[in-house]
Protein chains: 2
Amino acid sequence: MTSPDRVRADARRNRERVLAAARAVFAERGLDAPMAAVARRAGVGVATLYRHFPTRDALVREAFARQRETCSRALAEALAAADPWDGLRHLVETVCALHREERGFPAAFLAAFPGAAPEHARLGRRAERDLALLVRRARESGALRPDFHPSDLVMALVAHCGMVAALPDDAAASRRLVAYLLQSFRADRANAPLPPPSALSLGALLSTARGPGGLSPSSSRRPGTRG
Amino acid sequence: MTSPDRVRADARRNRERVLAAARAVFAERGLDAPMAAVARRAGVGVATLYRHFPTRDALVREAFARQRETCSRALAEALAAADPWDGLRHLVETVCALHREERGFPAAFLAAFPGAAPEHARLGRRAERDLALLVRRARESGALRPDFHPSDLVMALVAHCGMVAALPDDAAASRRLVAYLLQSFRADRANAPLPPPSALSLGALLSTARGPGGLSPSSSRRPGTRG
DNA sequence: CCGTAAACGGACGATCGCGTCCGCTTCCAG
DNA sequence: CTGGAAGCGGACGCGATCGTCCGTTTACGG
């Protein structure tokens with residue numbers, strides 16, 4: 001059962017090339033871009049891709065491992081911060097910055113959700129416990145509103161993530177939403193100035209007639225749906 | 001160029017059947033469910049479906065026409081309200097309730113976005129103008145914070161919509177997010193009690209190991225991406 | 001009741017993505 | 001240097017969806 005441990009150098013190299021290609025392709029074409037596109041971009045045969053990552057899930061998971069690592073670290077840092085509110089803010093801002101900056105990650109983040117709870121909950125449980133502790137401390141410090149619930153943090157992250165997924169180019173909107181949310185979580189209302197608003201317009205959202213090319217290009221589906 | 005005007009009764013009936021089926025199927029299987037599935041559900045041949053709605057976009061647009069109509073009406077009502085803040089709240093709550101209650105609509109709402117601005121901007125322009133007016137009035141009434149920008153409303157709607165798309169069953173999270181956002185938009189901070197929190201957990205979001213079936217079932221893509 | 005035009009439906013060819021299979025190449029230990 | 005095992009790559013068979021084409025059915029005005 002003990003695997004060779006010694007991996008051929010070219011294999012390791014190819015693995016990295018595939019991961020980089022996957023990030024690029026997922027960022028450009030969405031999480032369900034053809035596997036072949038990833039392989040081509042990596043300069044590698046499909047078989048090699050499938051050998052390293054038997055399923056799309058495995059590939060996505062590995063491709064964004066660093067990002068998840070960053071999230072996880074941000075939680076630890078938040079917990080270690082001298083002021084729990086600062087910790088909370090740090091957590092939110094770190095995760096949201098990741099959503100904003102790492103193209104394709106929001107989709108992976110959202111996609112991770114529905115199937116999240118079932119098994120493996122090892123690290124998940126721990127994260128939950130840490131979050132609960134952080135929230136309790138921040139509430140007790142008086143900075144966080146007393147009716148704040150840990151799930152509100154998740155709610156905020158998912159909402160932000162969903163917005164970024166829909167509007168991947170609007171960093172202004174992302175920053176502004178984060179600022180609004182953080183302000184609404186404070187117990188007092190230190191109305192710190194908000195970052196500048198985005199250029200979003202109501203556009204055709206309420207319009208009845210729609211031009212061509214409206215929704216067709218990658219018609220989008222709800223990320224969280226059991227097959 | 002003048003079309004017959006007189007449409008056969010069965011044609012009209014089939015059209016309605018297809019629209020109802022489309023809403024059902026889109027709700028269950030996402031916006032890019034097979035056209036054939038819609039046809040089957042409607043008890044109709046594919047050809048009939050394609051005759052009435054030449055493209056998927058056309059079908060989606062028509063299927064959710066009533067919902068868009070409701071949004072549009074909500075804006076008008078908001079503008080007509082005696083108190084502009086009440087109007088704004090009504091608008092947000094109406095649209096978000098729609099997101100929450102009409103399965104499939106959030107995806108359509110989001111999908112409508114990226115291609116929104118280009119042409120047809122007729123109704124869009126008007127909506128924008130109305131919104132700007134509403135916002136100005138609400139600011140001047142003192143209820144809405146002075147640094148609120150009309151795009152913030154769109155930002156909030158897209159964020160809420162994104163969250164609902166990711167967590168279609170969590171009405172509690174939806175209501176709570178709306179409450180947080182509305183509170184954060186107030187100039188004063190009338191800390192009205194929030195609706196109860198959701199049962200969301202951090203789950204495996206930060207977890208490194210992921211069990212099987214994590215993201216695979218309908219792997220989700222960013223709704224707004226030009227092909 | 002009847003004829004016609006409109007509407008219907010399902011079969012069909014084309015396209016696309018998946019994941020495997022197998023012959024060839026490359027690494028590296030001895 | 002050399003042999004063998006690990007790794008590689010692309011062709012291939014499969015299944016799903018698309019959108020059209022055409023023979024058949026149905027509504028309805030006269």
Side-chain angles (χ1 to χ4, degrees), chain A residues 1-22 25-26 28-63 212-213 215-221 225 227, chain B residues 1-22 25-26 28-60 62 212-213 215-221 225 227:
Chain A
M1 267 297 115
T2 53
S3 48
D5 240 356
R6 199 70 233 144
V7 255
R8 268 171 58 165
D10 57 340
R12 182 160 293 282
R13 202 182 322 124
N14 274 339
R15 187 191 150 86
E16 290 312 314
R17 293 227 268 163
V18 166
L19 285 176
V25 170
F26 288 153
E28 285 170 13
R29 312 230 252 140
L31 233 45
D32 50 4
M35 296 295 253
V38 175
R40 203 173 329 116
R41 168 83 75 129
V44 138
V46 255
T48 298
L49 194 163
Y50 279 108
R51 192 167 316 107
H52 286 296
F53 310 99
T55 68
R56 179 183 300 275
D57 285 18
L59 178 57
V60 172
R61 199 181 321 137
E62 298 296 317
L215 358 103
S216 48
S218 104
S219 37
S220 117
R221 78 191 320 178
T225 300
Chain B
M1 268 294 112
T2 53
S3 46
D5 239 355
R6 200 69 232 147
V7 257
R8 266 170 61 164
D10 58 341
R12 180 160 294 280
R13 201 183 325 125
N14 274 339
R15 188 192 150 85
E16 291 311 316
R17 292 228 268 164
V18 167
L19 286 176
V25 170
F26 287 153
E28 284 171 15
R29 312 230 255 141
L31 233 45
D32 48 6
M35 296 295 254
V38 175
R40 201 170 334 113
R41 167 84 74 128
V44 139
V46 256
T48 298
L49 193 164
Y50 279 108
R51 192 170 315 110
H52 285 296
F53 310 99
T55 68
R56 179 184 298 275
D57 285 19
L59 177 57
V60 172
E62 298 296 317
L215 357 102
S216 50
S218 105
S219 39
S220 119
R221 77 190 324 178
T225 302

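A, B, ... follow the sequence lines: proteins, then strands. Residue 1 opens every chain. Predicted, not measured: the structure shown is a model, and the values here were computed from it.
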Within the pair [X] and [N], is there a side-chain N or O less than 4.0 Å away from OP1 or OP2?
{"X": "B:Asn14", "N": "C:dC8", "answer": "yes"}
{"X": "B:Thr48", "N": "C:dG9", "answer": "yes"}
{"X": "A:His52", "N": "D:dC8", "answer": "yes"}
{"X": "A:Arg51", "N": "D:dG7", "answer": "no"}

Between [N] ([atom2]) and [X] ([atom1]): distance, integer Å:
{"X": "B:Arg17", "N": "C:dC8", "atom1": "CZ", "atom2": "P", "value": "10 Å"}
{"X": "A:Phe53", "N": "D:dG7", "atom1": "CZ", "atom2": "P", "value": "13 Å"}
{"X": "A:Arg12", "N": "D:dA6", "atom1": "CZ", "atom2": "C1'", "value": "15 Å"}

Can you check each nucleotide of nucleotides 25-30 of chain D against protein heavy atoms at under 4.0 Å and return B for base, S for sugar-phosphate only, - for none, in 5' to 3' order?
-BSS--
One character per nucleotide, please: for nucleotides 11-19 of chain D, 5' to 3', B when the base has a protein heavy atom closer than 4.0 Å, S when only the sugar-phosphate does, - otherwise.
B-----SSB
Treating B:Arg15 as the side-chain partner and B:Asp10 as the backbone partner, does any N or O pair qualify as donor plus acceptor under 3.5 Å?
no
Could you give the side-chain donor-acceptor pairs of residues 44-53 of chain B under 3.5 Å, partners two or more places apart or in another chain?
none

Can you name the residues that form a side chain to side chain donor-acceptor pair (under 3.5 Å) with B:Arg17, not counting sequence neighbours?
none
Partner set under side chain to side chain donor-acceptor pair (under 3.5 Å) for B:Glu16, not counting sequence neighbours
none
Going by the rule side chain to side chain contact (heavy atoms under 4.5 Å, CB included), which residues pair with B:Pro54 if we only count those two or more places apart in sequence or in a different chain?
B:Ala58
The side chain to side chain contact (heavy atoms under 4.5 Å, CB included) partners of A:Ala63 (sequence neighbours excluded) come to A:Leu19, A:Ala22, A:Arg23
For residues B:Leu59 and B:Met35, determine if any side-chain heavy atom of one lies less than 4.5 Å from a side-chain heavy atom of the other.
yes
For B:Arg40, which residues count as a salt bridge (Lys or Arg N to Asp or Glu O under 4.0 Å) partner, sequence neighbours excluded?
none
